[in-house]
Amino acid sequence: MKLDQRAILRVQRLEAKYGPGPLMLRSPDSKPMALVLDPGHASRILEQTPEPFATAEWAKRSVLAHFEPHMSLISHGVERAERRRFNDDVLQSHCALHHLGDRFATVVQEEAGELLQDIRQAGGHLDWDAFVDAWNRVVRRVVLGDTARDDRALTETLSKLRAVANWGFLHPGREHLRKDLHERLLRYLERAEKGSLAAEVARTSHNEVTQPVHQVPQWLTAFNPAGMATFRALALLAAHPGESERAQAEIAHDIPHASPRFGFLRASILESLRLWPTVPLVLRESTVATQWENGWMPANTSMLLHAPFFHRDDRYLDDAHRFHPDLWLQPEQMEQRVLMPFSEGTGICPGRHLVLLVGSHMLARLLEGREYRLKPPTRLLSSKPMPPLLNNYYLTFESRLH
């Protein structure tokens, strides 16, 4: 836990010593790398993606190539443009509410209802294992359709591939796992169940470059950190009585309406991602030499944006270590700040609206008429700064009727 806090302080000291940077780093393999220290520089890099700052950074490619070598995130040029266009169209990234939003909300309601039954049978106890099991059922139904609801083998295959990916170029890979994954996904995509993203894939134009089956694994994977953020948001609300009351008031107001938006619950998830980014390092790679205030940076430089540093730098952000969901509800507070829960700029995650929809509806259904208490309650205290790390795997709650 202290490592995360020390990392933020270390980056602050580097900026104090060397100036705004970017700070060139020594790399064991002579690969040029730069640590981004200044909010203005971070904004420039995020806005000028993919040229001259590509998302297909070499370390990211070495990791994700094991998992899915043709995904949009590690593609560049014409391939990235086409694959990103396909992702944007299927996920409707430019719309705050996906046109299947009501259907997805119904899926969440059904699976949350089953989870609530399990909680009652467990005497009000909720832990990560119970939550993530319900969450994964939602994800499989949303992405692939109802027939995928109980396909736990699919989720396990994805988990194994992610574990391989963590070793990057040091691992030879598991081609048989990726082949098995593709075969499973193809069956669901061919079925194209109504009310799922698989049906959207079937109706969205594509060509030989798109490779739709190679884009779907990233959608499934992106929901994993979204589940972590949602569970941590539940912990934040449990530890902050005032904000919990605001959430209850919003739920009571929004649920009777068609297509409830749950703005405060979404802000709570975003605040969870600010406090505990699921992607601590946002990576870009310069495609050409670029000019900065302190000189020229060579092409093919890996650029490191340390999200916890920007998210919790108390020199720029008031209440940097406090739960402050209003930060996301008041646009004027976002000025001059670099917050990147889903990356930012033109490389922003195309599924951000979708995961916030699923996460906020899950929170709403779990919280509706119920009160949650952390075990032990001292895990988070509203009277103290939020810790630099919160392990979702060990969060447990006791719940009761409100």
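Index from 1, following the sequence.
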Closest non-hydrogen atom pair between [X] and [Y], with its separation:
X	Y	answer
Leu73	Thr55	O-OG1, 3.0 Å
Glu243	Phe264	O-CE2, 3.3 Å
Gln215	Ser72	OE1-N, 3.0 Å
Ser302	Glu285	OG-OE1, 4.1 Å
Glu271	Pro325	CG-N, 3.9 Å
Ala42	Phe310	CB-CZ, 3.8 Å

Between [X] and [Y] (side chain of the first, backbone of the second, donor and acceptor by atom type, cut-off under 3.5 Å), is there such a pair?
X	Y	result
Glu193	Ala198	no
Trp276	Pro387	yes
Glu293	Pro22	no
Asp319	Arg322	no
Arg365	Glu111	no
Glu200	Leu91	no
Ser343	Met340	no
Asn207	Thr210	yes
Thr106	Asp102	yes
Thr157	Leu181	no

[X] side, atom [atom1]; [Y] side, atom [atom2] - distance, nearest 0.5 Å:
X	Y	atom1	atom2	answer
Asp118	His125	CG	NE2	11.5 Å
Leu115	Arg120	CG	CZ	9.5 Å
Leu220	Leu154	CG	CG	6.0 Å
Leu356	Leu270	CG	CG	5.0 Å
His240	Leu381	NE2	CG	9.0 Å
Arg352	Glu344	CZ	CD	8.0 Å

Paired with Asp88, the side-chain hydrogen bond (donor to acceptor under 3.5 Å, both in side chains) test is passed by just one of Arg84, Gln92, Arg85, namely Arg84
Side chains of [X] and [Y] in contact at under 4.5 Å (non-hydrogen atoms):
X	Y	result
Trp219	Pro350	no
Phe104	Arg141	no
Ser272	Leu236	yes
Glu68	Ile74	no
Thr301	Thr290	no
Leu366	Arg370	no
Val90	His206	no
Leu126	Ser399	no

Please step through side-chain contact (heavy atoms from CB on, under 4.5 Å) for the pair Leu275 and Arg312, ending with a clear verdict. CA-CA 7 Å; Leu275 290 166; Arg312 290 220 192 190; 3.6 Å; yes
Check Val108, Val358, Leu234, Ile251 against Leu363 for a side chain to side chain contact (heavy atoms under 4.5 Å, CB included) and give me the one that passes. Leu234
Mind running side-chain contact (heavy atoms from CB on, under 4.5 Å) on Phe223 and Leu354 for me, showing each step along the way? CA-CA 9 Å; Phe223 272 104; Leu354 187 55; 4.1 Å; yes
Does atom [atom1] ([X]) have a neighbourhood of more than 12 heavy atoms from anything else shown, all under 6.0 Å?
X	atom1	value
Lys384	NZ	no
Arg315	CZ	yes
Arg103	CZ	yes
Arg373	CZ	no

Run the numbers on Tyr372 and Ile119 for side-chain contact (heavy atoms from CB on, under 4.5 Å), then give the verdict. CA-CA 11 Å; Tyr372 288 81; Ile119 293 172; 4.1 Å; yes
Going by an N to O cut-off under 4.0 Å, is there a salt bridge joining [X] and [Y]?
X	Y	answer
Asp150	Arg140	no
Arg284	Glu57	no
Glu79	Arg83	yes

Applying salt bridge (Lys or Arg N to Asp or Glu O under 4.0 Å) to Arg246 and Asp326, what does each step give before you reach the verdict? CA-CA 11 Å; Arg246 288 179 65 184; Asp326 282 322; 2.9 Å; yes
Test side-chain hydrogen bond (donor to acceptor under 3.5 Å, both in side chains) applied to Arg162 and Ser159, step by step: CA-CA 5 Å; Arg162 286 200 302 268; Ser159 296; 3.3 Å; yes
Within 45 degrees of the ring normal and closer than 6.0 Å to the centroid, is that where the cationic atom of Arg274 sits relative to Trp328? no
Determine whether Leu46 and Leu305 satisfy the following criterion, side-chain contact (heavy atoms from CB on, under 4.5 Å), listing intermediate values before the conclusion. CA-CA 10 Å; Leu46 294 169; Leu305 287 74; 4.0 Å; yes
Where does the angle between the aromatic ring planes of Trp292 and Phe53 fall among parallel (under 30°), tilted (30 to 60°) and perpendicular (over 60°)? tilted
Using 30° and 60° as the class limits, which term best fits the ring planes of His214 and His70: parallel, tilted or perpendicular? perpendicular
